[in-house]
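These numbers were taken from a predicted model, which means no experiment stands behind them. All values below were derived from every heavy atom in this structure, side-chain atoms included, with hydrogens, water molecules and symmetry-related copies excluded.
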Amino acid sequence: MFASDLDAQRDLYKQAKSALQAGRSTEFQQLKNKLTDYPLYPYLLYNEALKRMSSLSPDDAIKLRTELTGSVLQDEFFSRWLDTQARRRRWQIYVDHFEPTTNAERQCTYLRALFRLGYEDKALAGVPELWTVGVSQPKVCDPIFDVWINRGNLTTDIAWSRLRLAVQERSTILARYLLRFFPRAEQPTARLLYDVYRRPSNVRSVNRFPDNARGRYAFSFGLLRYARDEANKALALWQKHKDEFHFDEQLAIRTENELAFWAARDGVVLSEVNSKYTYETIERIADSAIAKREWKIAYQWLNSVDETERYRYKWRYWFAKSLQETGTEGAQEILEELAGERTYYGFLAASEIDVPLSINARTPNDLQQDGNKFLRDVRIARIFELYELGEEENAKEEWSWLLPRLEDEEAKYWIPYQIGQNGHPNHAILAAFRADAVDLVETRFPVLYVDEFKRHTERTGIDLTVLLALARQESAFNPKAISPVGARGLMQLMPATARRTARNIRVPQPSLVGLLYAPTNIQIGTYHFKELLDEFDEHKVLAYAAYNAGSHRVKQWIKGASGMDTIAWIETIPFYETRNYVKNVLAFQQVYAFLLDTPTPILGAHEKTIP
């Protein structure tokens, strides 16, 4: 299609949308008929259908669904049409056209429809799977649940299964509600599980736990809850009392494994290797041994890992280090291989053996030449038409739907690349992740807002690559980002933190909207990070951790860690999110240092140990 033709079709599309919104149906139909080969034609069909959803017959709906094939709108339309049938109480149509789904509300609506149509046994047979979950289900489920319960289908075993799931999911209100379903004779054990969920220290009253299946589970569960705060005491309780119960092997192994995990997270170095532990527990035990420089113990644990797990970057790095520290051969070969990877551990390995970083970036030359080939696929063309018309969120919905379904690996690379080229860097980063296009380094790590950052680098002494890495990690360069907890903008500032920093640097207090303005957000975010650097003696790793988790937590985490190797300390950070955050920012800074041709060590001399 020539560019002039496409421009003309865009104008017609805009006119058609306007006519539809204004209710000028004759004009809309005339315009729509001229756009049948336009990539956004399905959007006209979809929006037209929304206007008359309740009057669409099953044949109409199936026909339209077929016409929407190749777009995210296909399934979205059909789901909305089915929801309309339910609201209109057209139960037979709903049942006839229902399709399996993970949506609990729709599943319950289907069971209610079956019941109303007289298929009572089939409807009630579907209830246990929906009822036995660890969270409260939508209210639409209550009527069919009530019928199922009132007809005597809820056994104590089912109630116990759901109670177990509820306490695992920390659904306190649901867990308390479930206690009513236990007969008087079985109330004590159910109440016991609830009690150790609410107050784990109750597990110390070991004689309260009967030696039966439920009592043993409650004791195990209570120990694991207790271990989160008192790992040593929980492990000691287990070792002292486990032989008083007839634990089945599976529950005993799982309990011991998790207690070992929490003990190791608390800094306990377990010397007796148990190959039945999960990889995660072995890794955590090795982390504790490494942090305390118990290299022989670390080596023994790491060497016990199953062969199928040894591909992991982290295992390869620390196993090589354990070989080095114990004087065992083989470290150099592992580190050389690992240094060829563009990962946090690859960069550590490169630093360890003093070789250049391997960025392994794909050059955009071939991608620049292939655009017309990919745009011949109407599904891909649709994405970029939506961007052209300013419908960014619809474009995002389309590529989110399409990328996992694409078989053309080259197209999977081209789409994120082109999204970035078209001026949507945040979407390009997310699309590259969705497509697993990891070698699109320049797309995944755009160099943005340089002038705004540089206005503050000289006064703060913070390297530009640090600020770019922070912004990339925090918001993927989305200046309008708002997190679920309320952090805002490019540098993801909490409003209270932003106001405090603004007072400290004597600039106007930012409004909530003002924090979504990139220059304001960058200025306050940069100075906030400078405050953290000052607080932690210019130690970037600690400042990164504090930026994510708060200074007070970091100060708790470094108690007793003075002199510890920083890279080893990072592995002991209790919060998974913060641990990965710090690793990401360190790695991202290395990528930006490469892109800006300003090589910098992953850690400065003063940052190699915890102060």
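- The six-membered or imidazole ring of Phe445 lies near that of Phe588, with a centre-to-centre distance under 6.0 Å.
- Aromatic rings of Tyr544 and Tyr581 (six-membered ring for Trp) have centroids beyond the 6.0 Å cut-off, not under it.
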(request) List the steps and the verdict of salt bridge (Lys or Arg N to Asp or Glu O under 4.0 Å) for Arg65 and Glu99. (result) CA-CA 14 Å; Arg65 188 186 198 186; Glu99 296 174 347; 2.7 Å; yes

(request) Please assess Glu571 against Lys583 for the test side chain to side chain contact (heavy atoms under 4.5 Å, CB included), listing each intermediate value before the final yes or no. (result) CA-CA 9 Å; Glu571 305 291 7; Lys583 293 176 185 179; 2.9 Å; yes

(message) side chain to side chain contact (heavy atoms under 4.5 Å, CB included) for Phe529 and Val466? Distances and angles first, verdict last.
(response) CA-CA 10 Å; Phe529 187 67; Val466 169; 3.7 Å; yes

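- When all heavy atoms are compared, the tightest approach of Ser358 to Ala339 is OG-O, 3.3 Å.
- Under 3.5 Å, the side chains of Asn521 and Tyr517 contain no donor-acceptor pair of N or O atoms.
- Of all the heavy atoms in Thr501 and Glu531, the pair that sits closest is OG1-OE1, 3.1 Å.
- Judged purely by atom type and a 3.5 angstrom limit, Asn548 has no side-chain atom pairing as donor or acceptor with the backbone of Val582.
- Residues satisfying the side-chain hydrogen bond (donor to acceptor under 3.5 Å, both in side chains) criterion with Tyr387, sequence neighbours excluded, are Trp399, His427.
- Neither side chain, Tyr344 nor Lys314, offers a donor N or O lying under 3.5 Å from an acceptor on the other.
- Taking the six-membered ring where tryptophan is involved, the planes of Tyr449 and Phe477 are essentially parallel, since the angle between them stays under 30° and well short of 60°.
- Gln9 and Asp5 form no side-chain donor-acceptor contact under 3.5 Å, judged by distance and modelled atom types alone.
- Considering only heavy atoms from C-beta on, Val72 stays 4.5 Å or farther from Leu402 through its side chain.
- A donor-acceptor pair under 3.5 Å links the side-chain atoms of Trp81 to the main chain of Leu56, judged by distance alone.
- No hydrogens or angles considered: a donor-acceptor pair under 3.5 Å links the side chains of Tyr38 and Glu385.
- Counting all heavy atoms, side chain and backbone alike, Pro416 lies closest to Ala428 at O-CB, 3.4 Å.
- Side-chain N or O atoms of Arg382 include one that pairs as donor or acceptor with a backbone N or O of Gly70 at under 3.5 Å.
- With 3.5 Å as the limit, one finds no donor-acceptor pair spanning the side chains of Glu67 and Tyr41.
- At most 12 non-hydrogen atoms from other residues, nucleotides or ligands lie less than 6.0 angstrom from CZ of Arg88.
- Ser351 places no side-chain N or O within donor-acceptor distance of the main-chain N or O of Phe347, the cut-off being under 3.5 Å.
- No side-chain donor-acceptor contact under 3.5 Å links Gln590 to the backbone of Leu357.
- Side chains of Ser57 and Asp60: a donor-acceptor N/O pair is present below 3.5 angstrom, by distance only.
- A donor-acceptor pair under 3.5 Å links the side-chain atoms of Thr66 to the main chain of Ile62, judged by distance alone.
- Residues Thr600 and Ala593 share a closest heavy-atom pair of CG2-CB, 3.7 Å.
- A pairwise comparison of heavy atoms in Val585 and Ala469 identifies O-CB, 3.7 Å as the closest pair.
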Which atom pairs, donor and acceptor, lie under 3.5 Å between side-chain atoms of residues 430-440 and protein residues at least two apart or in another chain?
{"residue": "Arg434", "atom": "NE", "partner": "Ser400", "partner atom": "O", "Å": "3.0"}
{"residue": "Arg434", "atom": "NH2", "partner": "Ser400", "partner atom": "O", "Å": "2.9"}
{"residue": "Asp439", "atom": "OD1", "partner": "Arg342", "partner atom": "NH1", "Å": "3.3"}
{"residue": "Asp439", "atom": "OD1", "partner": "Arg342", "partner atom": "NH2", "Å": "3.2"}

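- For the residue pair Gln107/Thr101, the side-chain donor-acceptor check at 3.5 Å is not satisfied.
- Side-chain atoms of Glu398 and Asn394 form no donor-acceptor pair, as typed in the model, at a separation below 3.5 Å.
- No more than 12 heavy atoms of other residues, nucleotides or ligands shown are found within 6.0 angstrom of CG on Asn372.
- The closest side-chain donor-acceptor pair between Thr465 and Gln589 falls under 3.5 angstrom.
- Remark: the backbone N or O of Leu174 is not paired with any side-chain donor or acceptor of Ser171 at under 3.5 angstrom.
- Salt bridge annotation for Arg362-Glu410: present, with a cationic side-chain nitrogen under 4.0 angstrom from a carboxylate oxygen.
- Partners of Thr84 by side-chain hydrogen bond (donor to acceptor under 3.5 Å, both in side chains), not counting sequence neighbours, listed by chain and number: Arg87.
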(message) With side chain to side chain contact (heavy atoms under 4.5 Å, CB included) as the criterion, how do Phe575 and Arg579 come out once you've worked through the C-alpha distance, each side chain's angles and the decisive distance to 0.1 Å?
(response) CA-CA 6 Å; Phe575 289 3; Arg579 197 160 63 243; over 6 Å; no

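- Between Arg10 and Asp7 there is a salt bridge, with a side-chain nitrogen of the basic residue lying less than 4.0 Å from a carboxylate oxygen of the acidic one.
- Contact between Ala381 and Leu375 at its shortest, heavy atoms only, is CB-O, 3.5 Å.
- Just one residue in the list Tyr413, Phe384, Trp414 forms a ring-ring contact (aromatic ring centres under 6.0 Å, His included) with Phe374, and that residue is Trp414.
- At least one donor-acceptor pair closer than 3.5 Å links the side chain of Thr460 to the backbone N or O of His456.
- Relative ring orientation between Tyr110 and Tyr94 is described as tilted, the plane-to-plane angle lying within the 30° to 60° band.
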(request) For the pair Tyr46 and Leu64, evaluate side chain to side chain contact (heavy atoms under 4.5 Å, CB included) and give the outcome as yes or no after the intermediate values. (result) CA-CA 8 Å; Tyr46 176 76; Leu64 182 53; over 6 Å; no

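- Taking the ring centre of Tyr527 as origin, the terminal cationic atom of Arg459 falls outside the region bounded by 6.0 Å and 45° from the ring axis.
- Side-chain N or O atoms of Gln492 include one that pairs as donor or acceptor with a backbone N or O of Ala481 at under 3.5 Å.
- Annotation: side chain of Leu73 is not in contact with side chain of Glu397 (no heavy-atom distance under 4.5 Å).
- Not one N or O on the side chain of Ser79 forms a donor-acceptor pair closer than 3.5 Å with the backbone of Glu76.
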